[in-house]
Undergrad: 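Pasting a structure below so you can have a look.
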Amino acid sequence: MRTESDFIGQREIPKDALWGIHSLRAKENFPDQTTFHKEWFMAIGIVKQACYQTYSSFLKAIQDKFPNEEFPFQLIESNLIEELEKVSIEINAGKHFEHFIIPAIQGGAGTSINMNVNEIISNRALQNIGKPAGSYHDIDPFEHANVFQSTNDVIPTSLKVACIRLLQELEESINTLRMEVEKTESKYRNVLRQAYTQMQAAVPSSYDKLFSTYNNALSRDWWRVSKCFERIKEVNLGGGAIGTGLSIPRFFIMEVVPNLQKLTGLPITRSENLSDATANQDSFVEVHATLKAHAVNLEKMVSDLRLLGSDLFVNREVYLPQKQVGSSIMPGKINPVIPEFVISVAHKVYANDLMISNLSGQGCLELNAYLPSIGHALLDSIKLLIAANNSLVRNLFRELEIKTNPLEESILKNPSVATALSPYIGYHQASKLAKEMKTNQISIREANIKLNLITAELLNKLIQPEELLKMGFRIGETLNR
């Protein structure tokens, strides 16, 4: 064991632990078991790397300009900065995550997150130079690992880096799903189906028209997600505690974000108002609203498919892939587990949206203390939606089957098909025809033979698939028939 001290007192820390006293106190204060997102942890690494690179440039600049001057502040030796940067690169690669012991739900605006990473960087760097962990007189979590940084600029900036990285993956997953839906749309083009409104039979439609509604909705989702990068590209790195840059060199403030942009390859820019970027989290609210819209579209789509593929449809045509046994007591039962998974994801996203909105509104004056919970919920939603999209591609659409029933059975016996005759015989006469069909459970042809409301020749033409599916009719088509 090793002994570490802070303002409050002393604690014993395992000898080889890369975390220290600040991480330990946070773990004890926040006994939550929700795991912090590794993507955010990794993003902190690359933000720290940008800070260390900028410090190295700052060190060289002042040494070149003031070679013989002594400064009232202590400079960090370049070899130590190099060691810190090496560890930050490792963190960006996902290493040392086992030493990150801070839970996702916490208090303190992210200070515990930042200090856990600072302790990992310091102690790993100490090990690399042959010093035992905890030798903070050589490399200190505050003086060295956190140089020219604040929790209040490092943590929100790294959240945006993690968010943009995952949004790129989400964008790709939406487009992949959209292409699979489009394949289904093309495969069943002009195949008639019975449409429904309010769970009651409506006028005839086709499967390609149904799947086109999903395709278009996913296209809108893809477009909206692609615009999210603009909403969160501005960061407050270099702003310090409240965005004023107090105690931070102007050189650092001007250069650190461009360095981060180069390292990440992401369209990140420094906010023109660092105080605003520190105090307000409405950009996350806006981005998550886009995620919620995507969740809504996914829920609508899979709810439709679950219904169409259910045993409630006696003559069902849609068959969902059989993915796993559905009951521990009923043999042969198969449940729509993929739609159920996606619906569960959607409702978790809705819950996250409410929390993000509420906690973003809880920002107080210069800072929002709830950024850890906001960030966790945001990344949670993105990852869940990626998982939902990928599952739909692999486990539903690639194996979805539609077995169409004969036209006479599925469409022409439904009274709603009489709507196609309204322009020729009027609403009231069409209603008589529909009533005759419904009362006697007969087709539209059989009902018309009884009532003789329209010629058989014209009726046969009007109930052809191409007539039922075309977009409206021209006035001239009603003449001389």
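All residue numbers refer to positions in the sequence shown, counting from 1.
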Undergrad: Answer yes or no: are there more than 12 heavy-atom neighbours, outside Gln322 itself, under 6.0 Å from its atom CD?
TA: no
Undergrad: Given Asn114, which of Asn152, Thr151, Asp153 fulfils the side-chain hydrogen bond (donor to acceptor under 3.5 Å, both in side chains) condition?
TA: Thr151
Undergrad: Side chains of Met115 and Pro141: closer than 4.5 Å at any heavy-atom pair?
TA: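 They are in contact (side-chain heavy atoms under 4.5 Å apart), so the answer is yes.
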Undergrad: Rounded to the nearest 0.5 Å, what separates atom CG in Leu378 from atom OG in Ser360?
TA: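 If we round to the nearest 0.5 Å, Leu378:CG and Ser360:OG are 9.5 Å apart.
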Undergrad: Is it true that Lys48 and Gln149 share a donor-acceptor pair across their side chains at a distance under 3.5 Å?
TA: yes
Undergrad: Could you label the plane-to-plane angle of the Phe36 and Trp40 rings as parallel, tilted or perpendicular, counting under 30° as parallel and over 60° as perpendicular?
TA: parallel
Undergrad: In Å and rounded to the nearest 0.5 Å, what is the OG to CD1 distance from Ser303 to Ile343?
TA: 3.5 Å
Undergrad: Can you confirm whether Glu12 is buried at CD, in the sense that more than 12 heavy atoms of other residues, nucleotides or ligands lie under 6.0 Å from that atom?
TA: yes
Undergrad: Which atom pairs, one a donor and one an acceptor, fall under 3.5 Å between side chains of residues 245-256 and the rest of the protein, sequence neighbours left out?
TA:
none

Undergrad: Around atom CZ of Arg189, are there more than 12 heavy atoms from other residues, nucleotides or ligands closer than 6.0 Å?
TA: yes
Undergrad: Hydrogens and angles aside, do Asp208 and Ser206 bring a side-chain donor and acceptor to less than 3.5 Å of each other?
TA: yes
Undergrad: Quick one: do Lys383 and Glu39 make a salt bridge, cutoff under 4.0 Å?
TA: yes
Undergrad: Report the distance from atom CD of Gln49 to atom CD1 of Ile121, rounding to the nearest 0.5 Å.
TA: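 Gln49 atom CD to Ile121 atom CD1 measures 10.0 Å (nearest 0.5 Å).
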Undergrad: Tell me the closest heavy-atom pair linking Leu177 and Met301, and the distance in Å.
TA: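 For Leu177 versus Met301, the nearest heavy atoms are CD2-CE, 4.2 Å.
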Undergrad: Just checking Tyr55: does its OH atom have more than 12 heavy atoms from other residues, nucleotides or ligands closer to it than 6.0 angstrom?
TA: yes
Undergrad: On a heavy-atom basis, which atom in Ser173 and which in Asn390 lie closest, and how many Å separate them?
TA: CB-OD1, 3.7 Å
Undergrad: Any chance the side chains of His347 and Glu299 put a donor and an acceptor closer than 3.5 Å?
TA: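 Short answer, yes.
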Undergrad: For the residue pair Pro204 and Leu469, establish whether any side-chain heavy-atom pair is separated by less than 4.5 Å.
TA: no
Undergrad: Phe148 vs Phe58, test: ring pair (Phe, Tyr, Trp, His ring centres under 6.0 Å). Steps then yes/no.
TA: CA-CA 11 Å; Phe148 296 153; Phe58 167 72; 5.6 Å; yes
Undergrad: With Asp311 as reference, evaluate Lys333, Arg316, Arg306 under the salt bridge (Lys or Arg N to Asp or Glu O under 4.0 Å) test and give the passing residue.
TA: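 Checked Lys333, Arg316, Arg306 against Asp311; only one passes salt bridge (Lys or Arg N to Asp or Glu O under 4.0 Å): Arg316.
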Undergrad: Taking everything shown except Met199 itself, do over 12 heavy atoms lie less than 6.0 Å from its CE?
TA: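 Not more than 12 within 6.0 Å, no.
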Undergrad: Supply the atom-to-atom distance Thr176 OG1 to Glu171 CD, rounded to the nearest 0.5 angstrom.
TA: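 So the OG1 of Thr176 and the CD of Glu171 are separated by 10.5 Å.
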Undergrad: Do Leu84 and Leu80 make a side-chain contact, defined as non-hydrogen atoms from C-beta onward lying under 4.5 Å apart?
TA: no
Undergrad: Measure from the side-chain N and O atoms of Ser186 to the backbone N and O of Lys183, and report whether any donor-acceptor pair falls under 3.5 Å.
TA: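 No, Ser186 side chain to Lys183 backbone: no donor-acceptor pair under 3.5 Å.
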Undergrad: Is Gln261 atom CD crowded by more than 12 heavy atoms from other residues, nucleotides or ligands, each under 6.0 Å away?
TA: yes
Undergrad: Distance only, no hydrogens: is a donor on one side chain within 3.5 Å (strictly under) of an acceptor on the other, for Tyr370 and Gln281?
TA: no
Undergrad: Given the rule in the side chain to side chain donor-acceptor pair (under 3.5 Å) test, do Asn236 and Thr278 qualify, once you have shown the distances and angles that lead to the verdict?
TA: CA-CA 6 Å; Asn236 67 336; Thr278 304; 2.8 Å; yes
Undergrad: Locate the shortest heavy-atom distance separating Lys323 from Val337; write the atom from each residue and the value.
TA: CB-CG2, 4.2 Å
Undergrad: Scan side-chain atoms only and decide if Gln53 and Asn259 contain a donor-acceptor pair under the 3.5 Å cut-off.
TA: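 Side chains of Gln53 and Asn259: no pair found under 3.5 Å.
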Undergrad: Would you say the side chains of Glu234 and Thr269 form a donor-acceptor pair under 3.5 Å?
TA: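 There is no such pair between these side chains.
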Undergrad: In terms of the angle between their ring planes, are Phe313 and Tyr196 parallel, tilted or perpendicular, with boundaries placed at 30° and 60°?
TA: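 Because their plane-to-plane angle is over 60°, the rings of Phe313 and Tyr196 count as perpendicular.
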Undergrad: Less than 4.5 Å apart, side chain to side chain, heavy atoms only: is that true for Pro336 and Leu305?
TA: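 A side-chain contact under 4.5 Å is absent here.
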Undergrad: Tell me whether His99 contacts the main-chain N or O of Trp19 through its side chain, where contact means a donor paired with an acceptor under 3.5 Å.
TA: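 Not a single qualifying donor-acceptor pair exists.
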Undergrad: Pairing donors with acceptors under 3.5 angstrom, does anything connect the side chains of Asn395 and Ser391?
TA: yes
Undergrad: Looking at Arg398 and Glu180, is any side-chain nitrogen of the basic one under 4.0 Å from a carboxylate oxygen of the acidic one?
TA: yes
Undergrad: Are any non-hydrogen side-chain atoms of Leu59 and Ile76 less than 4.5 angstrom apart?
TA: no
Undergrad: Could Arg178 and Glu182 be called an ion pair, given the rule that one side-chain N must be under 4.0 Å from one carboxylate O?
TA: yes
Undergrad: Could you state the interatomic distance from CD (Glu90) to CG (Asn128), rounded to the nearest 0.5 Å?
TA: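 Reported value, rounded in 0.5 Å steps: 6.5 Å.
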Undergrad: Backbone N or O of Ile242 within a donor-acceptor pair of the Glu366 side chain at under 3.5 Å?
TA: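 Pair absent, no side-chain N/O of Glu366 close to backbone of Ile242.
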Undergrad: Report yes if some heavy atom in the side chain of Val302 is under 4.5 Å from a heavy atom in the side chain of Glu340; otherwise report no.
TA: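 The answer is no; the side chains never approach within 4.5 Å.
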Undergrad: Check this for me, if you would: do Arg11 and Asp6 make a salt bridge, where the nitrogen-to-carboxylate-oxygen distance has to be below 4.0 angstrom?
TA: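 Salt bridge: no.
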Undergrad: Sorted by first residue and then second, give each ring-ring contact (aromatic ring centres under 6.0 Å, His included) pair with at least one member in residues 209-247; sequence neighbours left out.
TA: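 Listed by first then second residue: Phe211-Tyr214.
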Undergrad: In plain terms, say whether Arg124 and Glu83 are close enough for a salt bridge, that is, a side-chain N and a carboxylate O under 4.0 Å apart.
TA: no
Undergrad: If you measure from OG on Ser78 to CD on Glu85, what distance do you get to the nearest 0.5 Å?
TA: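 Output value for this atom pair is 11.5 Å.
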Undergrad: Does either side chain, that of Asn352 or that of Ser381, offer a donor lying less than 3.5 Å from an acceptor on the other one?
TA: yes
Undergrad: Gly107 and Ser112: which non-hydrogen atoms are nearest, and at how many Å?
TA: O-OG, 4.4 Å
Undergrad: So Arg2 and Glu4, salt bridge (Lys or Arg N to Asp or Glu O under 4.0 Å) or not? Walk me through it.
TA: CA-CA 7 Å; Arg2 67 178 192 260; Glu4 290 193 14; 2.8 Å; yes
Undergrad: Ring of Phe100, cation from Lys38 - is the NZ or CZ under 6.0 Å from the centre and inside 45° of the axis?
TA: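 No, Lys38 and Phe100 do not form such a contact.
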Undergrad: Asn389 side chain to Leu385 main-chain N or O, any donor-acceptor pair under 3.5 Å?
TA: yes
Undergrad: Can you find a side-chain donor-acceptor pair between His22 and Asn118 that sits under 3.5 Å?
TA: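 Result is no, nothing qualifies.
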Undergrad: Of the non-hydrogen atoms in Glu28 and Pro31, which two are nearest, and what is the gap between them?
TA: O-CD, 3.9 Å
Undergrad: Above 12 or not: heavy atoms from other molecules or residues under 6.0 Å from CD of Glu77?
TA: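 No, CD of Glu77 has 12 or fewer neighbouring heavy atoms, counting only those of other groups under 6.0 Å.
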Undergrad: Determine whether more than 12 heavy atoms belonging to other residues, nucleotides or ligands lie under 6.0 Å from atom CD of Glu272.
TA: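 Atom CD in Glu272 is not packed in, count stays at 12 or less.
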Undergrad: Please tell me if the side chains of Leu320 and Ile338 come closer than 4.5 Å, counting only heavy atoms from C-beta onward.
TA: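 Result no, sub-4.5 Å side-chain heavy-atom pair not found.
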Undergrad: On a heavy-atom basis, which atom in Asp32 and which in Ala104 lie closest, and how many Å separate them?
TA: OD2-N, 3.9 Å
Undergrad: Would a distance-only check, ignoring hydrogens and angles, find a side-chain to backbone donor-acceptor pair under 3.5 Å from Asp380 to His376?
TA: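 Looks like no, no N/O pair under 3.5 Å.
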Undergrad: Is the shortest distance from a Lys or Arg side-chain nitrogen in Glu286 or Arg231 to a carboxylate oxygen in the other one below 4.0 Å?
TA: yes
Undergrad: Which residue in the set Leu170, Ile382, Thr290 passes side-chain contact (heavy atoms from CB on, under 4.5 Å) when paired with Cys228?
TA: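 Passing option: Thr290.
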